[in-house]
Every structure is written in structure tokens, then in C-alpha cells.
Amino acid sequence: MAKNTTLIEPRLPRGFIDSEPADLAAIEQMVARIRKVYERYGFDHIQTPFLEYTETLGKFLPDTDRPNAGVFSVQDDDEQWMSLRYDLTAPLARYFAQNYQDLPKPFRSYRQGWVFRNEKPGPGRFRQFMQFDADTVGAAGPEADAEMCMMMADTMDALGLAGQYVVRVNNRKVLDGVMQAVGVTDEGQKLTVLRAIDKLDKFGPEGVRLLLGEGRKDESGDFTEGAKLDVEQAEAIVDYVKGAKPGDNEGVAELDAMQALFTSAGYGPDRIRIDPSVVRGLEYYTGPVFEIELTFKVQNEKGQDVVFGSVGGGGRYDGLVSRFRNEETPATGFSIGVSRLASALKLTGNLTSEPVTGPVVVTVMEKDRIADYQQMVAELRNAGIRAELFLGSSRQMGKQMKYADKRNAPAVVIQGSNEREEGIVQIKDLAEGAEAAASITDNAAWKMERPGQYSVPRGEMAEFVKRIPAVAAWTKANG
RNA sequence: GCCGCCUUAGCUCAGUUGGUUAGAGCGCCAGAUUGUGGAUCUGGAGGUCCCCCGUUCAAUCCGGGGAGGCGGUACCA
């Protein structure tokens, strides 16, 4: 082949991935299960576009600079900046405000789809990933928040993860009260304290103590600046995080109300648990916050333990819609990171991506009889069987068999001149053949024996193929 | 963004204390078997040793810079 030095190296943009049939089938199955739960809870499906005007997403334009901090942005013909959505909540706020007149209040919806973030990818963390959200807009009480937590738990159960996750719940008002009690009033310092608390499960009480004080050095030697609290303040916060009871306030009352609902509905602390270290989205959450934690270890392909983080979360955001409307609109919701969850499950083997069952392949033996073979394919398809004609250029049977094998085809149909004269077809069950082959070591014998192969009258082809176990299984699942 | 490690064939990795034609296993292609996927055997294709600059008679190897990958950390609306 001629050398071509201008060849383009085929490569993916960093942080993006291709998906193969088995991956897609697994994701589709996950999405279907999640949807079923959300539907059962009474949420309606809506969709918003990938692109929104940048200000809709809450990004502001620094003069002429492209607004690319964390988002991917493009400029329209009229010079309006648009950005790829980075979550499904900001678009919902826009949708709700825009359709306020016509929507039922409270408005209960779910949305599923791709979101994009322009930032460094990490383990299970991509720049394009799928989220699956549910939100109730216009309901202020803790029962709406409690429902979100219970639905998160039910969703994880529906995904086959019973006993392998915990939904952790806290309330921003409780955290605010604790900080007020120890005298942290500076806004910047408050944020640093919250971030430190959020790291409890990652670094333990000792790490949190360091982050509340001077700072902490990570294992690569990088230093993180701390909140610079004095020792007494830091100890008070650490005590709270370790479970000391905070002083009564509105947040504590809301958590108590939620806990009562969990208990009466039968959601024990093994599934939903009040946890003082949950912080989450520092900007817009105004009350209860919650997140899903996997309770098993995740390792990467090299067997290293990987810090995986939460696979879903949410909370109450009473201020978000008011960016579009001149009044407070209470809202609560949560999001499941489908891609991230799938990636964790894949690593732990909880998401077995079975190879997709291929089509029954009708081989081409006599090249002037394509029309006959095509008719066989049509017959199979009309019988509800996944089938195709071999379209490759080779007439060699070995090639066609190899192709069928690679496609994970359940069976092939063969009709050469001998079969045509007899009015029959050869149908080979490839799975049965492979099984029989295990005990045959001699190639000549293996060919002679033709394991799993049957001669069937031409008129009974479709009926026979239908009864092949792998075909029957596919038809049952997809017919 | 910051810190650390890494980058040699499609994949996993050897190797050259700086020297002429850079290797293995697996995978891929072909043949043995012109009508049968596996196994076996034989043969074959496939490399700017990540890129650029420097040192040197000579760099895949040494030095500097960059890119990419992985991990940590920060941020996460």
C-alpha cells in the first residue's frame, strides 16, 4: 500500500468514549429500569435541547472571552452565546419558568440525556455523560424531599443494587446553624469549611481537621489550603461531623420530619441515613441535600482502588427558578449519573454486558441465486427473526462462517446446489456446534461431523430456525 | 488549575550501559482444508521507539520544552 504521510490519526477527544453494542444494550436496560420507577412515582417525561443560551445556564460572559470555564460554548449567527448543558436542572428551571402558565403545579417531571462538562476527566468521569433526573417544582414541604430519597433508593434496588448503596441525607440549614454556633461568619471561610466537611469519607476525621485548620498535603505532595479555624472551632465542627447532636433549628426539624416519613414507609438506615457530612452543591441548595454512595470498593482495570465518589445526588433548590421569575419557587430533585454508575458497575462486574445476539446469516453459495437467498432472509424476518444475507465479497464458505461467528450469530442457513436439488436447506446451530467442537481435536473430523447441523425441508426453514435456543431467546426478549 | 507516574507493533510488554537489519506473546491476514466457525501447523503484513529542540561523529536511549494517558488533589453550577 502506498505510504500516505497526511493520514489522520484516528483518536477520540479526551474525556469522550465510544460505545459498543453490548455497552449500549446495558445502558438501555439501566435507563428502562430507572424510567419505570420514576413513572410509577408519577413523574412525566420531558426533554430539553442540548444547547441553551449561556445565561440560562447561569454562566456570565467575561467581555469578549469565550465562556469556556467548565462548559462548551458556541456563538450563534446573531452573536448570542450558547452552551452545551452541563446538567438537567438549569434547563428545567428555564422550561418551568417559560411554560409557567400552562403547567400543573406542583410540576413533576423527569428528564434523561447527555450533559457536557469542559473539565478534566477522572475515573468514571467523562466530558459527555448521561444523567437521569426527577424534580418536583412548586412543593415546599419536606415530604417532597423525602419522596426523592425514597425514589433514589427504589431506583437503586431496581438496578439490582439492593444492599450495595446508601442514600445519605443532610440539610444545609443544619450546617449553617453549626457554623454560626462556632462563630464562622465569613462567606469564603464558610465555603472552605463546607468543602472540608464534604471530605470526611475521603480523608477521615483527621483529614477534615487538617482542612479546617492550616491545610492538607495529598499523596502526590500537592498542598490544599485550609479554612484556618482555631483549634476549638475545628474541634466543634469535627465533633458535629462525628455525630454530636447539633442545636435545634429549622433544618433539624425538617430532617426529623423526613426521618419519620422514611421510618413509616419502611426505609431503614441501611438504605436511607441522616449523615452530617453530606454537603453537595454549595451554590444553590437551600435545604435538604442527599446523595447516593456505593458501599462496595471500586477498582480500575489495573486492580488499583479508585476513589469513585457519589453516583447520584440532589436536594432542595428554592432559589433557582427565581432567576427567571420574580418570586420564590420551591423545588427539589435529584439526578442519577447513569454513565458514572454504569462505569462503576462495569468495573465491579455488576453490569455484565452480554454480547449482543447477532442475526441468522444466510450464506451465499451460488452467486447467481442472490434473489433466492434474499427471499430466505425475508422469510426469516417476516417470522420475527433477526436475519441478514451475507454481503461480503468472498464466496468461500469458511469466510462466511467466520463472519457469522464474529457476529455472534445463533445460526447460519446454507443452500448450495446439492441442497437446492433436494429441496432442502442446511441449518447450523452455531452454539451447539461450538459446544460439540470442544471434544473434537482433529480438524478433518470436526468438518466431517458438522456438529449442530441439520437438513431441513426448504418450506420448514423459518419454523426450524425459530426453535433454535439462541434464536428463541432473542425473539422472547425482543419480539 | 496544581502534584506524581507513564508513553516502544492493533493490544500487553521486553530491550538497547548512545552504534549498522528494534523483539516476544496475543490479535490480524493468508495457506494446509477450491462446501463449514473452534483446535493444530506453516507463512505474512504491521513501527517517524509520542512530538519538537538541544548535546554528540552517532539519540528510541542523555538534557530541556510540549502533547497525550493514568492516578492524586482542587473545582464541580
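Note that the structure is a prediction, hence the values are computed from the model and not measured.
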On a heavy-atom basis, the closest approach of A/Glu119 and A/Arg127 is O-CD, 2.9 Å
Assigned partner base of B/G31, Watson-Crick or wobble definition, under 3.5 Å: B/C41
Protein-nucleotide distance (A/Gln453, atom CD; B/G37, atom P), rounded to Å: 11 Å
Over how many whole Å does the gap from A/Asp87 atom CG to B/A77 atom C1' extend? 6 Å
pair_partner(B/U17), Watson-Crick or wobble, both distances < 3.5 Å, evaluates to none
According to the Watson-Crick and G-U wobble definitions, with both distances under 3.5 Å, which nucleotide is paired to B/U60? none
Report yes if a side-chain nitrogen or oxygen of A/Lys202 is closer than 4.0 Å to either non-bridging phosphate oxygen (OP1 or OP2) of B/U73; otherwise report no. yes
Taking atom P in both B/C2 and B/A77, compute the distance separating them and give it to the nearest angstrom. 22 Å
Separation of B/C29 P from A/Gln396 CD (nearest whole Å): 12 Å
In whole angstrom, what separates A/Tyr284's OH from B/A77's P? 6 Å
Would you measure the distance from the C1' atom in B/U48 across to the matching atom in B/U60 and give it in whole Å? 11 Å
Return the pairing partner of B/A9 with a 3.5 Å limit on both distances, Watson-Crick or G-U wobble; otherwise return none. none
Taking the side chain of A/Lys428 as heavy atoms from C-beta outward, which of B/G31, B/A74, B/U36 is closest to it? B/U36
NA contact type, A/Ala404, heavy-atom cut-off 4.0 Å: base, sugar-phosphate, or nothing? nothing
Taking the P atom in each of B/G25 and B/G4, what is the distance between them to the nearest angstrom? 39 Å
Would you state whether a donor and an acceptor, one from the side chain of A/Asn418 and one from the base of B/G35, lie under 3.5 Å apart? yes
Using a heavy-atom cut-off of under 4.0 Å over every strand shown, decide if A/Ser417 touches base, sugar-phosphate, or nothing. base
For nucleotides B/A22 and B/U16, find the distance between their P atoms and express it as a whole number of Å. 15 Å
How long is the line joining NZ of A/Lys199 and C1' of B/G72, in whole Å? 13 Å
So, is A/Trp446 near the phosphate of B/G37, with a side-chain N or O under 4.0 Å from OP1 or OP2? yes
Considering every strand and a 4.0 Å limit on heavy-atom distances, what is the contact class for A/Tyr317: base, sugar-phosphate, or nothing? nothing
Centroid-centroid distance, A/Phe116 to A/Phe50, less than 6.0 Å: yes
Considering only heavy side-chain atoms of A/Lys406, the closest of B/G35, B/C3, B/C28 is B/C28
Separation between the C1' atoms of B/G46 and B/A39, rounded to whole Å: 26 Å
Report which part of the nucleic acid A/Glu449 touches: base, sugar-phosphate, or nothing (heavy-atom distance under 4.0 Å, all strands). nothing
Closer than 3.5 angstrom, by distance alone: can the side chain of A/Arg340 be matched with the main-chain N or O of A/Ser310 as a donor-acceptor pair? yes
Applying side chain to side chain donor-acceptor pair (under 3.5 Å) to A/Ser83 and A/Thr54, what does each step give before you reach the verdict? CA-CA 5 Å; A/Ser83 297; A/Thr54 300; 2.8 Å; yes
B/U8 and B/G68, which share atom name C1', separated by this distance in whole Å: 15 Å
Between B/A30 atom P and A/Lys402 atom NZ, what is the distance in whole Å? 6 Å
Parallel, tilted or perpendicular, judged at 30° and 60°: which one describes the rings of A/Tyr403 and A/Phe390? perpendicular
Nearest-angstrom distance, C1' atom, B/C50 to B/C61: 15 Å
Grab the two heavy atoms, one from A/Ile197 and one from A/Leu175, that are nearest each other, plus how far apart they are. CD1-CD2, 4.1 Å
Could you state the CE-C1' distance from A/Met401 to B/U33, rounded to the nearest angstrom? 14 Å
Stacking here means centres under 5.5 Å and planes under 30°; does A/Tyr86 stack on B/A77? yes
Pair of N/O donor and acceptor under 3.5 Å linking B/U33 base with A/Lys447 side chain: yes
Any N/O donor-acceptor pair, A/Asn443 side-chain to B/G38 base, under 3.5 Å: yes
How long is the line joining CG of A/Asp405 and P of B/C28, in whole Å? 11 Å
Taking every non-hydrogen atom, the tightest pair across A/Val364 and A/Tyr373: CA-CE1, 3.9 Å
What integer number of Å spans the P atoms of B/C6 and B/G15? 14 Å
Under 4.0 Å: is that the gap between some side-chain N or O of A/Arg117 and OP1 or OP2 of B/C76? no
The nucleotide from B/G37, B/G68, B/U73 with an atom nearest the side chain of A/Leu430 is B/G37
OP1 or OP2 of B/C76 less than 4.0 angstrom from a side-chain nitrogen or oxygen of A/Arg195, does that happen here? yes
